[in-house]
Number of protein chains: 2
Amino acid sequence: MLQPFVRALIAAELPVLARHGISMWGYVVLNALDGGPARTQAALAQTIGADKTRIIATLDELQQAGLITREPDPADRRARLLSITQAGQQTRLAAQAEIQANENRILARLPAGDRQAFLRAAQTLSALPLDEI
Amino acid sequence: MLQPFVRALIAAELPVLARHGISMWGYVVLNALDGGPARTQAALAQTIGADKTRIIATLDELQQAGLITREPDPADRRARLLSITQAGQQTRLAAQAEIQANENRILARLPAGDRQAFLRAAQTLSALPLDEI
DNA sequence: TATTGTTATACTCTATAACTATA
DNA sequence: TATAGTTATAGAGTATAACAATA
């Protein structure tokens, strides 16, 4: 039931993100890394609910744009340590401000209590491991 | 943020729907028609947030399975009048019972108040015209 | 032998455009 | 000329499998 709504929401956000030079998955990655660096790409992919092969092109772009760092782990040179840069944080905050403004416009149709509960629930549910669904 | 969650939810529902012999869009169509017949296929597509070309195969299957009727409108023979049949309602209710049981299992992680508010909000938001997002 | 990251490929879903029939 | 439905095609997004490097 929510699928068309989520799809439309993403479609509405794409032009905003494009103005900041990032893709939707790029934005998701920046948000995830803002909570702390990732030890491996696979771990990052899992936390954002994506396939590990799906974020490679995204990481390439973010790295080339200087929004993240991506260095081989000295302790295990197979793995790449991923961190958000200062420029990445700035981009993330700027994009987030615009996106949340649009989201607030839409969520304004809900009663205040429902709005907060919806946001809390969305955060909880999206953090669930996908194999528990 | 919600996209991977919604995707996983749909993936979890697909086997349930398959046991009842319908697709995800078939289930969405049955739910929409349960609220009342549709005057045109395009109108139905819009109410469920789908493209008009995307539901044609779905309608073919539902009609062949006897879950909906699809008759030319005598007043405008270009249009097709769509209604759910009694068999369609039975299938819909049976599938809905299983799906909601699974949803309740997942939503049980939320506080009771948030759970109800989330469901109310999801219903409101998914009913929004997509071009207002 | 197992794991990380990568690449190549195939598959699914969706959207766009062209066509038929009715109006 | 415009609209409802259909079909065909192309495109985006995603997942699967095979590969190279490291452990």
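Here is how names work: the chains are called A, B, and so on, in the same order as the sequence lines, proteins then strands, and each is numbered from 1.
Note: A/L81 CG to A/D73 CG = 4.0 Å, rounded to the nearest 0.5 Å.
A donor-acceptor pair shorter than 3.5 Å can be found between the side chains of A/R70 and A/Q41.
Distance B/I56 CD1 to C/dT20 P: 16 Å, rounded to the nearest Å. In this structure, B/R80 places its CZ atom 9 Å from C1' of C/dA21, rounding to the nearest Å. A straight line from CZ of A/R54 to P of C/dC11 spans 19 Å, rounded to a whole angstrom. The distance between atom CD1 of A/I10 and atom C1' of C/dA15, rounded to the nearest whole Å, is 16 Å. Residue B/R7 contributes atom CZ, which lies 9 Å from atom P of C/dC13 at whole-angstrom precision.
Every residue two or more places apart in sequence or in another chain was checked for a side-chain hydrogen bond (donor to acceptor under 3.5 Å, both in side chains) with A/E61, and none qualifies. For A/F5, there are no ring pair (Phe, Tyr, Trp, His ring centres under 6.0 Å) partners two or more places apart in sequence or in a different chain. In this structure, A/S83 has no side-chain hydrogen bond (donor to acceptor under 3.5 Å, both in side chains) partners at least two apart in sequence or on a different chain. By the side-chain hydrogen bond (donor to acceptor under 3.5 Å, both in side chains) test, B/R78 is found to be paired with B/D76, residues two or more places apart in sequence or in another chain being considered. Under the rule for a side-chain hydrogen bond (donor to acceptor under 3.5 Å, both in side chains), A/R80 has no partner lying at least two apart in sequence or in another chain.
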Validation: residues 115-125 of chain A side-chain donor-acceptor distances under 3.5 Å, sequence neighbours left out:
unit_1	atom_1	unit_2	atom_2	d
A/R115	NE	A/L107	O	3.2
A/R115	NH2	A/L110	O	3.3
A/R120	NE	B/D114	OD2	2.8
A/R120	NH2	B/D114	OD1	2.8
A/R120	NH2	B/D114	OD2	3.4
A/T124	OG1	A/R120	O	3.1

Ignoring hydrogens and angles, write down the donor-acceptor pairs under 3.5 Å from the side chains of residues 13-25 of chain B, residues two or more places apart or on other chains.
unit_1	atom_1	unit_2	atom_2	d
B/R19	NH2	B/E98	OE1	2.4
B/H20	NE2	B/E98	OE2	2.8
B/S23	OG	B/G26	N	3.0

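Within the structure, ring pair (Phe, Tyr, Trp, His ring centres under 6.0 Å) contacts touching residues 52-71 of chain B (residues at least two apart or in different chains) do not occur. Listed by first and then second residue, the salt bridge (charged side-chain N to carboxylate O under 4.0 Å, His left out) pairs involving residues 20-32 of chain A amount to none (not counting sequence neighbours).
Sequence order on DNA chain D of the closest nucleotides to B/A79 and A/A50 puts B/A79 first from the 5' end. Along DNA chain D, the nucleotide nearest to B/R70 and the one nearest to B/Q3 differ in position, and the one closer to the 5' end is contacted by B/R70.
Contacts between residues 16-49 of chain B and DNA chain D, defined by a heavy-atom separation below 4.0 Å, involve B/T40, B/Q41, B/A42, listed by number. Near-neighbour residues of DNA chain D inside residues 57-68 of chain B, defined by a heavy atom below 4.0 Å, are absent.
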For nucleotides 16-23 of chain D, read 5' to 3', which letter fits each nucleotide if B means a protein heavy atom sits under 4.0 Å from the base, S means only the sugar-phosphate is that close, and - means neither? BB----BS

